[in-house]
Amino acid sequence: MRFHTPAAVHSRSGWTRVLDPTERTAEVLFGLIMVLTFTGSLSVAQAGRDDVRAMLIGALGCNIAWGIIDAVLYLLACLGEQGHNLSIYRAVRGTRDPEHARLLIADALPPVVASALDPAGLEHVRQRLLTLPAPPARARLRAEDWWGAGAVFLLVFLSTLPVVVPFLVMSDATHALRVSNVIAVAMLSAAGITYGRHAGQAPWLVGISMVLLGCVLVALTIALGG
């Protein structure tokens, strides 16, 4: 749980939130898994141009659809988080019990930050909040949230393109599939390395693990008829 004043209630919305390496990696991983379920199920030995075309339409259409769904879920998450933050802020301002207000503030802060604040520090935060303008009546989506939702859609959709481009520019489906798989492995590895650096783990080890995880998830999806 995170605590935000009205001026910062959108601090995790918009581009700041979308560009978080953990969330960005998850979106790219999902987009890759979706498209790999289509390319991995293509029988290149028997596939004709119509089969490749059907695969491309299915892969792109599926990622477009899920990109839209993911963007809507992102907006709902932004709205829910902002509403929750406002409810905490109102509770802090509305209570007549300073101790209860300090507990609300401490519970809303990250544990490491809360543990570093003594009662005097929490009281200073409470007093500062009381001097701020009254909170709005309800949470509203701002322009940053809509931009963020658009970025979520693009992350899911654009992660599809590098994997399907070989099928658009190469006439040999077998060679196209091999190049596509190499691109997918490289993208999974890059996403894992980025995630590893952000998480403080060994980047190359996380990159290799991300490739293996992606292969396992794709195999499970295909096996289950996804």
Side-chain angles (χ1 to χ4, degrees), residues 1-31 33 65-159 191-192 194-201 206 210 213:
M1 183 189 302
R2 288 174 168 78
F3 185 79
H4 306 287
T5 63
V9 74
H10 295 274
S11 63
R12 291 197 74 242
S13 63
W15 293 104
T16 300
R17 181 174 184 178
V18 173
L19 295 180
D20 178 87
T22 302
E23 295 177 336
R24 182 171 66 240
T25 300
E27 297 294 347
V28 172
L29 176 62
F30 183 81
I33 290 173
W66 190 254
I68 294 172
I69 293 172
D70 217 9
V72 172
L73 293 176
Y74 171 85
L75 290 174
L76 291 176
C78 287
L79 191 62
E81 184 179 25
Q82 292 163 22
H84 179 64
N85 294 334
L86 286 175
S87 67
I88 296 176
Y89 181 55
R90 292 193 192 98
V92 171
R93 287 175 56 91
T95 182
R96 296 183 178 180
D97 184 355
E99 179 63 25
H100 179 60
R102 289 192 290 269
L103 287 174
L104 289 173
I105 295 171
D107 288 342
L109 290 170
V112 174
V113 177
S115 64
L117 292 175
D118 57 14
L122 292 172
E123 178 61 21
H124 177 74
V125 175
R126 186 183 77 87
Q127 292 294 336
R128 178 72 178 92
L129 293 175
L130 294 177
T131 65
L132 295 177
R138 60 178 181 174
R140 297 177 182 273
L141 292 174
R142 301 199 313 177
E144 291 88 343
D145 301 318
W146 292 100
W147 280 111
V152 167
F153 170 79
L154 289 176
L155 280 172
V156 175
F157 175 66
L158 293 180
S159 63
T194 301
Y195 179 84
R197 288 173 177 168
H198 178 72
Q201 304 295 323
V206 178
M210 189 68 71
L213 175 63

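Contact detail for G83 and A139: the closest heavy-atom pair is N-CB, 3.6 Å. When all heavy atoms of A149 and A71 are compared, the closest pair comes out as O-CB, 3.4 Å. Looking at every heavy atom in both residues, Y74 comes nearest to D145 through CE2-O, 3.4 Å. What you find for L104 and I88 is that their closest heavy atoms are O-CG2, 4.5 Å.
Between atom CG of residue L109 and atom CG of residue D107 there is a gap of 9.0 Å, rounded to the nearest 0.5 Å. Atom NE2 of H100 sits about 11.5 Å away from atom CZ of R126, to the nearest 0.5 Å. One finds the CG atom of L86 at 11.0 Å from the CZ atom of R140 (value rounded to the nearest 0.5 Å). The CG atom of L117 sits 9.5 Å away from atom CD1 of I105, with the distance rounded to the nearest 0.5 Å. Atom-to-atom distance recorded for Q127:CD and L132:CG is 11.5 Å, nearest 0.5 angstrom. Taking CZ from F157 and CG from D70, the interatomic distance works out to 14.5 Å, rounded to the nearest 0.5 Å.
Judged purely by distance below 3.5 Å, without hydrogens or angles, the side chains of R197 and T194 never pair a donor atom with an acceptor atom.
In this structure, F153 places its CZ atom where more than 12 heavy-atom neighbours from other residues, nucleotides or ligands lie under 6.0 Å away.
Side-chain atoms of S159 and E27, non-hydrogen and from C-beta on, never get closer than 4.5 Å to each other. Here the side chains of L29 and Y195 are not in contact, with every heavy-atom distance at 4.5 Å or above. No side-chain heavy atom of L75 sits under 4.5 Å from any side-chain heavy atom of V72.
For residues 86-97, no pair satisfies salt bridge (Lys or Arg N to Asp or Glu O under 4.0 Å), with sequence neighbours left out.
By the side chain to side chain contact (heavy atoms under 4.5 Å, CB included) test, P119 is found to be paired with no residue, residues two or more places apart in sequence or in another chain being considered. Among residues two or more places apart in sequence or in another chain, the side chain to side chain donor-acceptor pair (under 3.5 Å) test is passed with S115 by none.
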